[in-house]
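Whatever order the structure lists ligands and atoms in, that order sets their numbers, starting from 1. Worth saying up front: this structure is predicted, and the values here are computed from it rather than measured.
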Amino acid sequence: MRVQKFLASKGHGSRRQVERWVSEGRLKINGKTAQIGDIVNGDESFFLDAQRLYINPKQLSHRHIIYNKNNDEICSRSDPEYKKSVFDALPKIRSMRWVMVGRLDVSTTGLLLFTTDGELANRLMHPSYGIIRHYAVRIYGHPSKSELTSLLKGIVLDDGAAAFLSVKKKASGMANTWYEVTLSEGRKHEVKRLWEAIGYKVNKLIRLGYGEITLPKSLRRGCHQLLNTDEIERLYQSVKLTVKSISKDI
Ligand code: URA
């Protein structure tokens with residue numbers, strides 16, 4: 001099996017992450033720097049930087065959690081500019097890694113999904129599965145009906161056309177209006193860029209749902225919870241995978 005597929009199946013990141021480690025020269029197999037396309041059978045020793053990657057010989061029970069992201073947390077493992085990373089807030093797991101399903105901007109709050117199953121994460125993020133993302137968004141101003149229609153019809157952004165699947169007005173004040181929007185892809189800053197394209201600035205953005213998973217009202221910011229069996233099964237089904245085994249704890 002190719003090294004990226006093998007390590008992802010053992011809970012060591014996603015295939016793309018492993019490919020990145022290989023191209024950065026950070027992964028060693030039996031003491032030699034790994035190359036793109038290396039084939040392994042699992043008897044080898046694997047080191048990422050100086051850390052040995054433990055290969056569990058048994059079928060893994062993957063872990064899946066949701067996290068309610070705080071404002072000011074970054075969605076990468078470390079960044080010299082910002083101290084707090086969402087990964088710092090996650091429960092520690094032995095011999096596996098959390099893979100994040102879709103990033104949020106530093107100022108965006110709400111639902112983040114993490115799994116140790118790299119294949120599941122890849123499929124949930126891949127545009128071909130059309131997984132629906134659901135956001136609450138507050139913008140400065142009061143758009144007209146025709147402006148809202150243009151968001152549904154589609155707008156050409158600098159990386160191609162984009163559109164919301166739905167736009168629902170939720171509340172309106174003197175300066176701001178709240179909407180709930182859905183879309184079926186997750187390009188960088190896509191929600192903000194769509195509003196900006198029609199002349200409105202987003203000043204609050206909260207992710208409420210990702211595919212089958214909804215942010216529970218009871219989950220406080222900075223807290224996580226395990227997905228239940230039903231949610232896990234629906235998540236796998238939504239990307240045409242089957243659940244192999246479910247762990248009841250972390
Ligand atoms: N779209 C954005 O503009 N920002 C996010 O954080 C997520 C989606």
Proximal ligand 1 atoms for Y135, defined as those under 4.0 Å from one of its heavy atoms:
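Per the distance check, 7 (C), 8 (C).
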
List ligand 1 atoms under 4.0 Å from E190, heavy atoms only on the residue side.
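Reading through ligand 1 atom by atom, the close ones are 1 (N), 2 (C), 3 (O).
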
Return all side-chain donor-acceptor pairs below 3.5 angstrom for residues 222-229, not counting sequence neighbours, or 'none' if the list is empty.
residue	atom	partner	partner atom	Å
N228	OD1	D230	N	3.2
N228	OD1	E231	N	2.8

Below 4.5 Å, heavy atoms only, C-beta onward: do R15 and R2 meet side chain to side chain?
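Contact flag for R15/R2 side chains = no.
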
What part of V202 sits under 4.0 Å from ligand 1 if we count only heavy atoms: the side chain, the backbone, both or neither?
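V202 to ligand 1: no contact under 4.0 Å from either part.
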
For ligand 1, which part of T108 has a heavy atom less than 4.0 Å away: the side chain, the backbone, both, or neither?
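Within the 4.0 Å criterion, T108 contacts ligand 1 through side-chain atoms alone.
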
Can you see which heavy atom on V239 is nearest to which on Y129, and at what distance?
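That would be O-CE2, 3.7 Å.
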
Do M96 and V3 belong to the same hydrophobic cluster, where Ile, Leu, Val, Met, Phe, Trp and Tyr are linked whenever their side-chain heavy atoms lie under 4.5 Å apart, directly or via other members?
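Shared cluster, no.
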
Do me a favour and list the nearest non-hydrogen protein atom to atom 4 (N) of ligand 1 with residue, atom name and distance?
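That would be D105 OD2, 2.7 Å.
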
What protein heavy atom is closest to atom 1 (N) of ligand 1, reported as residue, atom name and distance in Å?
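Ranked first by proximity to atom 1 (N) of ligand 1 is V191 N, 3.2 Å.
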
Quick one, D159 with R193, criterion salt bridge (charged side-chain N to carboxylate O under 4.0 Å, His left out). Give me CA distance, side-chain angles, the key distance, then yes/no.
CA-CA 11 Å; D159 55 353; R193 288 191 293 141; 3.0 Å; yes

With respect to R187, determine whether any N or O atom, backbone or side chain, lies less than 3.5 Å from an N or O atom of ligand 1.
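So ligand 1 has no N or O lying under 3.5 Å from an N or O of R187.
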
Could you verify whether a donor N or O on one side chain and an acceptor N or O on the other, from R138 and N203, lie under 3.5 Å apart?
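Checked: R138/N203 side chains pair up, N/O donor to acceptor below 3.5 Å.
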
